[in-house]
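By convention in this document, chain letters (A, B, ...) are assigned in the order of the sequence lines, proteins followed by strands, and residues within each chain are numbered from 1.
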Amino acid sequence: MTVVVRFYGALREIISEKLELDIPSSGVPLIDLFSEILRKYPALGEYIRVNERGVEVRGVTILVNGRHVVFLGGDKAVIRSGDVIDVLPPLHGG
Amino acid sequence: MPYAFTGKWLRVDLSTGSIRVEEVAEEVYREYLGGRGLVAYILFRELKPRVDPLSPNNKLVFATSIITGVPVPGVNRIVVGAKSPLTGTYCESEAGGYFAPELKYTGFDVVIIEGKSEKPVYLWIKDGRAELREAKHLWGKLTRDATDEIRRELGEPLARVACIGPAGEKLVKFANIVFDYRYAAGRGGLGAVMGFKMLKAVVVRATKRSVQFYDEKKLVELARWFYENWRKQPGAVSRSTYGTAELVTPLNKDGTLPTLNFRGGSFELADEISGEALNKTILVNRSTCFACAIRCKPDVKAKHPYETDPAYGGPEYETIAAFGSLCGVSDLNAIAYANQICNAHGVDTISAGVVVAFAIELFERGIISERDTDGLNLRFGDSEAVLRLLNMIVKREGFGDILAEGVKRASEIIGRGAEKYAIHVKGREAPMHEPRGKVGVGLAYALSPIGADHLQSPHDPSFERVAEHLVALGITRPVKRLDLDYNKIRAVYYGMLWWSLLDCLGICKFTFAPHSAGVYTPNHLVEVVNAATGWNTSLWTLLKAGERALNLARAFNAREGFSSKDDTLPERFFEELEFGARRGQRIARGEFTKALRLFYEIAGWDSEGRPTPAKLYELGLDYAVREIYGDKS
Ligand code: SF4
């Protein structure tokens, strides 16, 4: 049972490879998934924090299967096997 | 002589051929700093209200700033301004590269061009001397050919050349000024102002540096700090690796990549026009601007049948989106070729792409047909048709002549409901940032004194995390991306003052926080200014100068008759995004209007969006009070 987490743009400087993470068959709340990722990659803490308020994004955007996580229940979204999560960097003018 | 600036302005009257040097007091620099500040100061005081932008009475200003020429990354923009022939508003546009420091080193901080020449000329400035030279043989030439010819005939291969292409000569309303083949003061039609004046080019060369900086050692230290630290900032590394094209993939996934004339926010073929794709296919090198370590500018060589010349640079994100997703085109070679046509003929790539996408949508909706387009069959995704139409626009041929007026005027000429599909604010085509996913960007589009512009205030994601650099600007609370409450308005307003300040100083916004690629912080900027000038200034004083310039530009527009009715967004942004990751999202009109009103009050503007007399007095702009409100106020 795995999910894929991909990082883009500036975030690739922190996590260059896509992550394949094992999750329980019942799925995992988004908040737990990101706690785990942050434990392995603390530098990501500059952009994403997990605290009592939930997953706090700091300019980044999280998509689950191409849909904004805000449309899927935010922190409460449950991630299931086979889901693909995209983490986009701060999207700025150019 | 003061440190860091020369105190000399060059005034050139093309009608009489006279060239004068004026000495300007340090107080003016203290209050206006340079760039946008000085452009607004000169245009407001010297242009009569309602002057025709394409008349001898319009003036064209090239302004450096008090810190131009310091060897510090990011400090390199030349700011060019005039009343815009595209919008009728105040206009300024910034170009990177090397021109600004070179101009300052020749001994002049500002060049003001007045009048209109009888025959084509160019202005040649070298080491404190200036002359007008005949340019009949250059008229009609593409920017690269004209630049090469000028350098050859002057025997000055190192001269920096700002010139117009044939589109500026033909008064295309979004013609630009091209610096050294590839950097552009792109927006608002400044190239048409130059074309009307019959001024083909402004050419500068300094063999020695005519200014001293107060503390050169400190400046070198500040530059070294940037060089030693930029690799620790992931956003800067990404920008250095992929350039601005890095934005294509994340914006596409985010649903904010303008697609098919802003109908949707994701483009199914975005992978083919991404930063990664550009690096793999057409990139041959990366170039930079004066003293900058980031080197984000692409040099590209596109392939058959669209071979391009790397000297013209390569498409930035704005250009990739404007000719790519916005027109449904996924061929990077064709996009690079469109970029080259724009740089060679001298037109703004954003406006050009928006105008083409507008025409395609009209065609697909049956509002125009082959009878209108001189037989051209326009479809989203047809790169060949896009390039043919672009060629017609830059040459003002057939249907291209109408589109060369810009999307607003073109839609009025075409009629038949075409206005609904013309995506602009105050007549200036919207850039490639979807405000339905970044509502603060929408506010900035509506309020910008130059019409829709993406570099007026940092974009909403910047405000989601409160970092030290934001606190320094007074932004103390995180604000969510789609919020449009008083916290967002406050953040956008403070951000606007900060970016206005960067435009006064001629600074690349990518190099300073809170841009995602930014390395320096606001406090670094204070150190740069003090080290350059020997002043003992503060961030507060500098931000006030940014505010002064913004208010003066708004006051200019108020005097021209612009009001709250012009501070709005095109209809489409109040409608739902038709497709993409943010399908269904729109800006709520009532909420947006309320936000604009609150913004006015926070900024010290009246219900018509005019700076109040009190605000103008507070900023020391008493002459603007007299101009706008008369003597009685
Ligand atoms: S970041 Fe890019 S655009 Fe800005 S000064 Fe550096 S090279 Fe030029």
Side-chain angles (χ1 to χ4, degrees), chain A residues 3-19 30 34 37-38 40-75 77 83-94, chain B residues 231-239 241-247 249-256 266 275 296 316-318 321 431-433 437-438 441 453-467 478 480-482 499 509-510 514-518 580-585:
Chain A
V3 292
V4 171
V5 188
R6 302 182 296 199
F7 296 85
Y8 293 88
L11 302 174
R12 287 217 179 124
E13 306 305 325
I14 299 169
I15 306 178
S16 55
E17 297 295 310
K18 71 174 179 208
L19 306 178
L30 188 78
F34 273 95
I37 295 171
L38 280 161
K40 286 198 194 133
Y41 299 95
L44 200 63
E46 176 69 13
Y47 297 96
I48 299 174
R49 293 204 177 158
V50 173
N51 55 30
E52 66 287 355
R53 289 197 295 277
V55 179
E56 203 174 276
V57 292
R58 295 152 60 92
V60 303
T61 304
I62 300 172
L63 308 177
V64 180
N65 301 327
R67 288 282 285 159
H68 278 257
V69 74
V70 282
F71 299 138
L72 302 171
D75 298 337
D83 283 351
V84 176
I85 297 170
D86 290 322
V87 187
L88 313 178
L91 307 159
H92 222 302
Chain B
R231 282 192 183 81
K232 295 180 196 151
Q233 161 62 280
V237 176
S238 176
R239 180 120 317 180
T241 312
Y242 297 106
T244 48
E246 66 164 334
L247 293 170
T249 302
L251 289 179
N252 181 55
K253 291 197 169 287
D254 179 55
T256 48
S266 299
C296 77
E316 297 285 350
Y317 163 73
E318 296 295 327
M432 297 302 114
H433 298 275
K438 299 189 264 189
V441 171
D453 186 68
H454 58 295
L455 293 169
Q456 293 294 310
S457 182
H459 295 193
D460 303 63
S462 318
F463 305 131
E464 282 195 320
R465 59 183 176 142
V466 165
K480 292 222 172 72
R481 228 167 127 162
L482 297 178
W499 275 14
K509 285 158 189 158
F510 307 159
H515 194 281
S516 48
R582 289 183 183 272
R583 181 164 49 85
Q585 208 157 307

Tell me, for B/Q456 versus chain A, whether the close heavy atoms (under 4.5 Å) come from the side chain, the backbone, both or neither. neither
Do you know which two heavy atoms are closest between B/K253 and A/L63, and how far apart they sit? O-CD1, 3.1 Å
Heavy-atom closest pair (A/L88 atom, B/P250 atom, distance to 0.1 Å) is CD1-O, 3.3 Å
If you round to the nearest 0.5 Å, how far is [atom2] of [Y] from [atom1] of [X]?
X      : Y      : atom1 : atom2 : result
A/R67  : B/R582 : CZ    : CZ    : 10.0 Å
B/D254 : A/T61  : CG    : OG1   : 4.5 Å
B/R231 : A/E13  : CZ    : CD    : 11.0 Å

Check whether A/V87 gets within reach of chain B through its side chain, its backbone, both or neither, counting any heavy atom under 4.5 Å. neither
Mind running side-chain hydrogen bond (donor to acceptor under 3.5 Å, both in side chains) on A/R12 and B/T241 for me, showing each step along the way? CA-CA 11 Å; A/R12 287 217 179 124; B/T241 312; over 6 Å; no
With sequence neighbours excluded, tell me which residues meet side chain to side chain donor-acceptor pair (under 3.5 Å) with B/Y242. none
